[in-house]
Amino acid sequence: MGLSAAPSLADGRAAPRAAPASAAAPLPTFDFTDCPALPAGADPDKWRCEVHVATGGMQLGGLTVPLRPMTITHAEGPLPDGSTGQVFGAMHATPSPATGGLLDIPGLPERAPMLGVNVETKYGGWFDFLSHGTSAGGLDVTLALSGPLLPEDCSIGTAEHPIRLTMMRKGPNEWISKDPPILKGTLWDDTVAIPAATDCGPLGAVLDHRNNLPSPAGANSVTLDGLYTFKTYTQLGR
């Protein structure tokens, strides 16, 4: 996803020189369990599965959410007709507490846990991770809201009307390891529009009022600081 600017393992080009990794920071462990099945006729030696692990933050109207680790898995490679294909695998995100809780008051969740709000980013049903210049592609998401006072289906964005992220890269990716191949980079989107909360019961109006929702494009931002790695399907034994 956007971070994926590494040369294909099958194209014969040399990978960029790896930057030295800090001895105090062990390399992360990546899970390839969610690698999707290949399209019919795809060459497993030319298709690779990519696993991205990101943290960062979201500013959604007046709602500030520091993002806990989020993992996105997808595959890409050449199709039999010569075009480039991509297949989504899975997205897993750790629920992150919204700063200020339900009423957007600093320190509120710590003083009054009943007024806390957690935000979980979920896949919204569409993606395009094929990079074009500084673009890192796009992704539809929904934001599931949970808390002691919120109903189960409370969310910002829905399956029918998800939030579309159009991610850009902040500078070039950096190789931090070549064996295994691991790159890091930063993605951001400051053009995303955020809708009002949905299915949140009587507290939906409170969420919208306190957090300035809906919030138009230009008033919001999403930043993802990520690491990613990849393996060909031949390396995966598939």
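Everything quoted here is computed from the prediction, not taken from an experiment.
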In short, Leu67 meets Thr223 closest at the heavy-atom pair CD1-O, 4.3 Å
Contacts of Arg238 meeting salt bridge (Lys or Arg N to Asp or Glu O under 4.0 Å) (sequence neighbours excluded), chain-then-number -> none
- Are side-chain N/O atoms of Gln59 and Thr64 paired as donor and acceptor at under 3.5 Å? yes
Please check: side-chain N/O of Gln86 versus main-chain N/O of Phe129, any donor-acceptor pairing under 3.5 Å? yes
So do the side chains of Pro106 and Thr99 get within less than 4.5 Å of each other, counting heavy atoms only?
no
Rounded to the nearest 0.5 Å, the CD1 atom of Ile163 sits from the CD1 atom of Ile194 at a distance of 4.5 Å
TODO: Would you check if Val206 and Leu103 make a side-chain contact, meaning some heavy-atom pair closer than 4.5 Å?
DONE: yes
Under 4.5 Å between side-chain heavy atoms, counting indirect links through other Ile/Leu/Val/Met/Phe/Trp/Tyr residues: same cluster for Trp126 and Met168 or not? no
On a heavy-atom basis, the closest approach of Cys49 and Leu236 is CB-CD1, 3.9 Å
> Side-chain donor-acceptor pair under 3.5 Å between Thr55 and Asp225, yes or no?
Replying inline: no
- Message: Does any part of the side chain of Met58, heavy atoms only, come nearer than 4.5 Å to the side chain of Thr121, both counted from C-beta?
- Response: yes
The complete set of ring pair (Phe, Tyr, Trp, His ring centres under 6.0 Å) pairs with one or both residues in residues 82-114, sequence neighbours excluded, reads Phe88-Tyr123, Phe88-Phe127
Practice task
Tell me, please, whether Phe32 has Lys231 positioned over its six-membered ring: NZ or CZ under 6.0 Å from the ring centre and within 45 degrees of its axis?
Solution key: yes
Quick note, ring pair (Phe, Tyr, Trp, His ring centres under 6.0 Å) partners involving residues 182-219, not counting sequence neighbours, are none
Nearest heavy-atom contact between Thr142 and Ala159 is CG2-N, 4.1 Å
Exercise. Any side-chain heavy-atom pair from Pro180 and Phe230 closer than 4.5 angstrom?
Worked result: no
- Given side chains that start at C-beta, do those of Val119 and Pro95 come closer than 4.5 Å, heavy atoms only? no
Test item: Thr94 side-chain N/O and Pro69 main-chain N/O as donor-acceptor pair under 3.5 Å
yes
Heavy-atom nearest pair, Ala40 first then Pro80, reads O-CG, 3.8 Å
Check your understanding: Leu150 versus Leu207: any side-chain heavy-atom pair under 4.5 Å?
Key -> yes
* Given side chains that start at C-beta, do those of Leu187 and Arg169 come closer than 4.5 Å, heavy atoms only? -> yes
